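The structure appears below as structure tokens.
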Number of protein chains: 2
Amino acid sequence: MDYELRARPDTCHWGYFDNQLDPVLRVESGSVVRVECLSHRAGDAPDLMMNDTVLAVYESLNYDERGPGGHIVTGPIAVKGAMPGDTLECRLLGVEYPLPYGSNLAAKWGWLYTQGETPLKTSEYVTIYKIDGDAAIPVFQYPWPSGRNSRKGDLIFPEDVTRLPCTSYRVPLRPHLGICGVAPKMRGKVSTIPPGVFGGNVDNRHFMPGTAMYYPVQVPEAMVFMGDTHLAEGDGEVSGTAIEGHLTVLVQLALHRQWTVPGPVLETDEAWMVHGFGETLDKAMTDTLERSLRFLKSRGLDEAEGYALLSAGGDFQITQVVNSIKGIHAVIPKKLFNHDTKE
Amino acid sequence: MDYELRARPDTCHWGYFDNQLDPVLRVESGSVVRVECLSHRAGDAPDLMMNDTVLAVYESLNYDERGPGGHIVTGPIAVKGAMPGDTLECRLLGVEYPLPYGSNLAAKWGWLYTQGETPLKTSEYVTIYKIDGDAAIPVFQYPWPSGRNSRKGDLIFPEDVTRLPCTSYRVPLRPHLGICGVAPKMRGKVSTIPPGVFGGNVDNRHFMPGTAMYYPVQVPEAMVFMGDTHLAEGDGEVSGTAIEGHLTVLVQLALHRQWTVPGPVLETDEAWMVHGFGETLDKAMTDTLERSLRFLKSRGLDEAEGYALLSAGGDFQITQVVNSIKGIHAVIPKKLFNHDTKE
């Protein structure tokens, strides 16, 4: 490890990216950084999901100044020499769990609430999970108190709600960075909610230890943000959130100057995943397919061949449907190609 | 094997389901049937993809009488005693490859053609694949001759087009039944193109040997159809077709009287997959999520718990975007549950 970045009131921001912020750390390409990331859902069970670090950040930020997005992000980290046109690799080397609890919110921005024709009978509600070996198990649930703001990390103490038992099931742990990316080009406070070409709230559950996400650098020094860490999520994140929990991540940040990506691209041992976005899933599908063709073009396949190959061997999956701008990722297995190296 | 159903002019239909057709076979629940299924894309390379069986079916059907859908289906098979309200299990036990070639069409109904804002520069075109061990490799491609109908299985001989070489890549074989299901309730000739609650052109590439699809029986005796066999497909089937090829399938048909499914549900060793459909992907997403909640309800989870569980551990993937009615399937891993048996 080359650097450590603790979560503190002066290294965390609640609800926005801003490319004009002073960097909280400046690193060389190739550096390994340990970054504390805090969940904005710790208020769902303060007795279980808060420690002194978390409480300090929650208390330092005036409630009304949180936003326009909902997430706590740590950063920005400046990467020396990064310039627009470069690609930044963020390789996730490992994660630690500072606290063994996480929270899922069936939120008013969840899929069935926003699809007006078919509202859920139930109100917003929370499920608290505890880490149990390699899985998370639900320990209790409660309806979110009506009239309170579920976006900004309000604190809900046990005496304010009735904690109800859950049916027994197990969700395998799949820790990942919900938010990671370079600072967007746009001026001022940019909401953390919609993802974009710069990355941000991509919410791809496959961004787990052992994988790397590549982002096209938008502003000088890249200005990397991380947060919205998840203990587990399904492709889709249909209820509005994953199992949200604090994670301390070990990441390596590396610049690539001779290689460009058409938006966030994830590399796993087995596949490339190209991300696209849109206001509807249909628009996200078109965006993902077009970016995938551009990605395959950089590997020597012309438009006709890339299109045919994706139909036969590329899998289109729903990244998330709850971040205002929806996401789809194309999974392009490496074994499709005879030559597996990046360049 | 209890029965054999060969593909012949009197056991095949081109482009429609019809619940008033006489069954071509009548079986008891639990029977294992070997069914020859023919691809409607054999005309893309008649020299490689036709034998006497295929040619007999192609020649027996007046070109103008094909339709309203595009696929050749074998059936219907009556299952004795099946009644609406029952569930039919179609378990795929194995496949054989009568010919070692398949065809992919980048079709006018492919995603980038129908998304008007971003038309492909290329016209419709064909890629012919050859089976090579456990993969299919592209051997040549050609532009589909303009003015010809690419839906109905027109015959394109080598002398009519220039067969061009392809870049080298390999697509793993993933043989499956693109079309399978019970006869729909609707009267008359029902197009084979849009999938529905009865199944049909679901096009889930995961319906491979070792898996079973469950369908809610719509009409007496179920009246099962199969066809549109694929050598491989990616989730999405973006270009309009998979790698289409003939397959002879070994299937077991079994009735379940005390268990209902909310539409086609696939069971693999590891997961349940619940299918939903819609005119847009967003509508398909809602349909899939609602059917998944109904499926989970039958396993003891209430609406709130099912919704939370799917957000944390259920994966929503795009089945296909090119069958008029689009499809999404929810992958619900069996390991989420403590109790794994169906009932």
Side-chain angles (χ1 to χ4, degrees), chain A residues 104 106 110-112 115 117-118 120-122 125 127 129 136 138 141 166-172 232-243 280-282 285-286 289-290 300-305 307-318 321 328 330-331 333 335-338, chain B residues 104 106 110-112 115 117-118 120-122 125 127 129 136 138 141 166-172 232-243 280-282 285-286 289-290 300-305 307-318 321 328 330-331 333 335-338:
Chain A
N104 171 262
W111 186 256
L112 286 188
Q115 296 298 301
E117 303 152 33
T118 57
L120 277 187
K121 290 183 197 75
T122 347
Y125 56 91
T127 309
Y129 289 83
Q141 54 185 322
C166 296
T167 301
S168 175
Y169 55 84
R170 295 173 66 82
V171 180
E233 181 197 295
D235 283 333
E237 203 186 14
V238 291
S239 86
T241 78
I243 301 181
T280 64
L281 281 171
D282 297 78
M285 184 71 196
T286 301
L289 186 44
E290 289 179 326
L301 274 77
D302 69 23
E303 184 183 75
E305 288 176 325
Y307 194 43
L309 178 59
L310 289 169
S311 194
D315 292 324
F316 289 76
Q317 302 179 343
I318 293 170
V321 290
I328 288 176
V331 181
K335 66 181 166 190
L336 295 176
F337 307 107
N338 290 340
Chain B
N104 171 261
W111 186 255
L112 287 188
Q115 295 298 300
E117 303 152 32
T118 57
L120 276 186
K121 290 182 197 75
T122 347
Y125 56 90
T127 309
Y129 290 82
Q141 53 186 323
C166 294
T167 301
S168 174
Y169 57 84
R170 294 172 69 81
V171 180
E233 182 196 294
D235 282 335
E237 204 186 14
V238 290
S239 86
T241 78
I243 301 180
T280 65
L281 281 171
D282 296 79
M285 184 71 195
T286 302
L289 185 45
E290 289 179 325
L301 275 76
D302 70 22
E303 185 185 72
E305 288 175 326
Y307 194 42
L309 178 59
L310 289 170
S311 195
D315 293 323
F316 289 76
Q317 303 179 342
I318 293 170
V321 290
I328 290 176
V331 181
K335 66 180 167 190
L336 295 176
F337 306 106
N338 290 339

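Just so we're clear, the structure is a prediction, and the values are computed from it rather than from any experiment. Each chain gets a letter, A, B and so on, in the order the sequences are listed, and its residues count up from 1.
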Where B:Tyr307 and A:Gly110 come nearest, the two heavy atoms and their spacing: OH-C, 3.3 Å
Heavy atoms of B:Ala308 and A:Tyr169 approach each other most closely as CB-OH, 4.4 Å
OG-CG distance between B:Ser168 and A:Leu301, expressed to the nearest 0.5 angstrom: 9.5 Å
Select one option (side chain, backbone, both, neither) describing which atoms of B:Leu310 are under 4.5 Å from chain A's heavy atoms. both
Option in A:Gly314, A:Ala136, A:Ser239, A:Ala242 with maximal non-hydrogen atom pairs under 4.5 Å from chain B: A:Ser239
Answer with side chain, backbone, both or neither: which region of B:Thr280 has an atom nearer than 4.5 Å to a non-hydrogen atom of chain A? both
Please report the interatomic distance CE(A:Met285) to CD1(B:Ile318), rounded to the nearest 0.5 Å. 5.0 Å
Considering non-hydrogen atoms only, spot the tightest contact between B:Val238 and A:Phe316 and give its length. CG1-CE1, 3.6 Å
If I compare all heavy atoms of A:Trp111 with all of B:Thr286, which pair ends up nearest, and what's the gap? NE1-OG1, 2.9 Å
Who are the side-chain contact (heavy atoms from CB on, under 4.5 Å) partners of A:Ala312, not counting sequence neighbours? B:Tyr129, B:Val171, B:Ile243
State the CG-CD distance between B:Asp315 and A:Glu237, to the nearest 0.5 angstrom. 12.0 Å
Side chain, backbone, both or neither: which part of B:Leu309 has a heavy atom under 4.5 Å from chain A? both
So which of B:Ile328, B:Asn104, B:Val321 has the biggest tally of heavy-atom pairs under 4.5 Å with chain A? B:Asn104
Check B:Ser311 against A:Gly240 and note the closest heavy-atom contact, atom names and distance. OG-N, 4.1 Å
By side-chain hydrogen bond (donor to acceptor under 3.5 Å, both in side chains) - contacts of B:Glu305 (at least two apart): A:Gln141, A:Thr167
Examine whether an atom of B:Val331 lies under 4.5 Å from a heavy atom of chain A, and if so say whether it belongs to the side chain, the backbone or both; otherwise answer neither. neither
